[in-house]
Amino acid sequence: MTLRLGRQSFPDDATLMMAIVNRTPDSFYDKGATWAEDSAFDRVAQVVDEGAEIVDIGGIKAAPGAEIHADEEIRRVGSFVGRVRAAYPDLVISVDTWRAEVARAVCGEGADVLNDAWGGADPALVDVAAEHGAAVICTHTGGAQVRTRPHRIEYVDVVAAAITDTVAYAERAMAAGVPRESLVIDPAHDFGKNTFHSLEITRRLAEMVATGWPVLVSLSNKDFVGESLDLPVGERLIGTLAATAVCALAGARIYRVHEVVETRQVVDMVATIAGRRPPARAIRGLA
Amino acid sequence: MTRIVLVPGVLALLPEYAGVTDPVADLRAACLEAVSSLGNDVTVVGDTQGERVAAYLLAATLRNFDEASVLVVGNGSARRTEKAPGHLDERADTFDADLGRALRAGDTDALGDLDRDLAADLLAVVDPIAALAGLLPAGAHGEMLYEDDPFGVKYWVMRWNR
């Protein structure tokens, strides 16, 4: 199905890189490297140059920490979205937020996508998306509260739960007026999940793809990779790329990433192996 | 009048081997231009792979002429450089130079008297080209649309109207 992300549409065989841009002082991977607005802007320039189709701008780290109220979140991301929009009129801009109030502010600044990493915690978010023609990423958190770590969460069938909840969220968004082609589902690795859950989601991602909704995966440097390989943040790229390859073979459409170039190569290579994409240039044995 | 075209049997021309970018774009353009000048009743002279290349080129062109036509599929050595499919054979350059000269000059004696053993050593596909000896009048002047060896394989795209 054609995917419409605000001002841009993508054919159904396109895979997309969504580059993470943190406007936070404390995110787990970059630890505030792009907290300063100019640093975040430089990061946007870098990932655009690397070929990212989407930037995902976030003002609050996912993990627990100091409470950030909506006005502070808007201060962090609102005008920044406007600055990025002015500099990159055609770039797809996503904002990682669960708050309708923040969503309204960033849509006013030109955001195309609302990446609701907390699975519909604020029910009014979809109304804002419908009002502004923004796409919504519908994530699965297993009912986890905003900015919490999983504690003794178990599922009868984590994949079935992820499908049921994300599809229900997408249908609720449609009912609110968000077009079907602007809805994406995301199993949300690590969110409301232990490592075994995230591994099973990865292994069985094809079941999510089979729903027909476009699937986003956010795997980059996460704890399920770290725990699988016993590696700290900063040493998880290879494991991330292995998980990326598995999800790419299953047919994931959007990849939320820290490393754009490496992920693009993996996704393109897997798509080429799968026969969904031709080789870039083939002459070996054919001259 | 009989229209005759020579193209190389390059498998990279086939749609099933297409990449995002075309490594033989110039060659393809020349082949399509040449084959476009053939009539709608075409006899193909080539080996099995050459026939596939011919079928693709014929299907990809609109030809509304009512003249007898022959599409010959063959090429020179595939051992022209160290990076060539058959690695370097020092004899390739002279062999291809002589063959190219014969094609340009319409030297039917030379085309009919090609050294088939040497051609086989050099991975040149010349049996179809030798058939030109019986198709062209001696001294026939052909138009050379393409002559190059971008991958260490010698290609010619030519057409004759006689």
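Excluded from the calculations below are hydrogen atoms, water molecules and symmetry mates; all remaining heavy atoms, backbone and side chain alike, are included. Order of the sequence lines sets the chain letters (A, B, ...), proteins ahead of strands, with each chain counted from 1.
Atom CG of Leu229(A) has more than 12 neighbouring heavy atoms from other residues, nucleotides or ligands inside a 6.0 Å radius. No more than 12 heavy atoms of other residues, nucleotides or ligands sit less than 6.0 Å from atom CE of Met269(A).
For a heavy-atom cut-off of 4.5 Å, chain A lies close to Val10(B), Leu11(B), Ala12(B) in residues 6-14 of chain B.
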Chain B against chain A: donor-acceptor pairs under 3.5 Å:
residue	atom	partner	partner atom	Å
Pro279(A)	O	Val20(B)	N	2.7
Ala280(A)	O	Val20(B)	N	3.1
Ala280(A)	O	Thr21(B)	N	2.8
Ala280(A)	O	Thr21(B)	OG1	3.0
Leu286(A)	O	Leu11(B)	N	3.2
Leu286(A)	O	Ala12(B)	N	3.0
Ala287(A)	O	Tyr155(B)	OH	2.4

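Closest approach of Pro279(A) to Ala18(B), counting heavy atoms only: CD-O, 4.1 Å.
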Worked check of side-chain contact (heavy atoms from CB on, under 4.5 Å) between Val24(B) and Ile283(A): CA-CA 9 Å; Val24(B) 290; Ile283(A) 194 64; 4.1 Å; yes
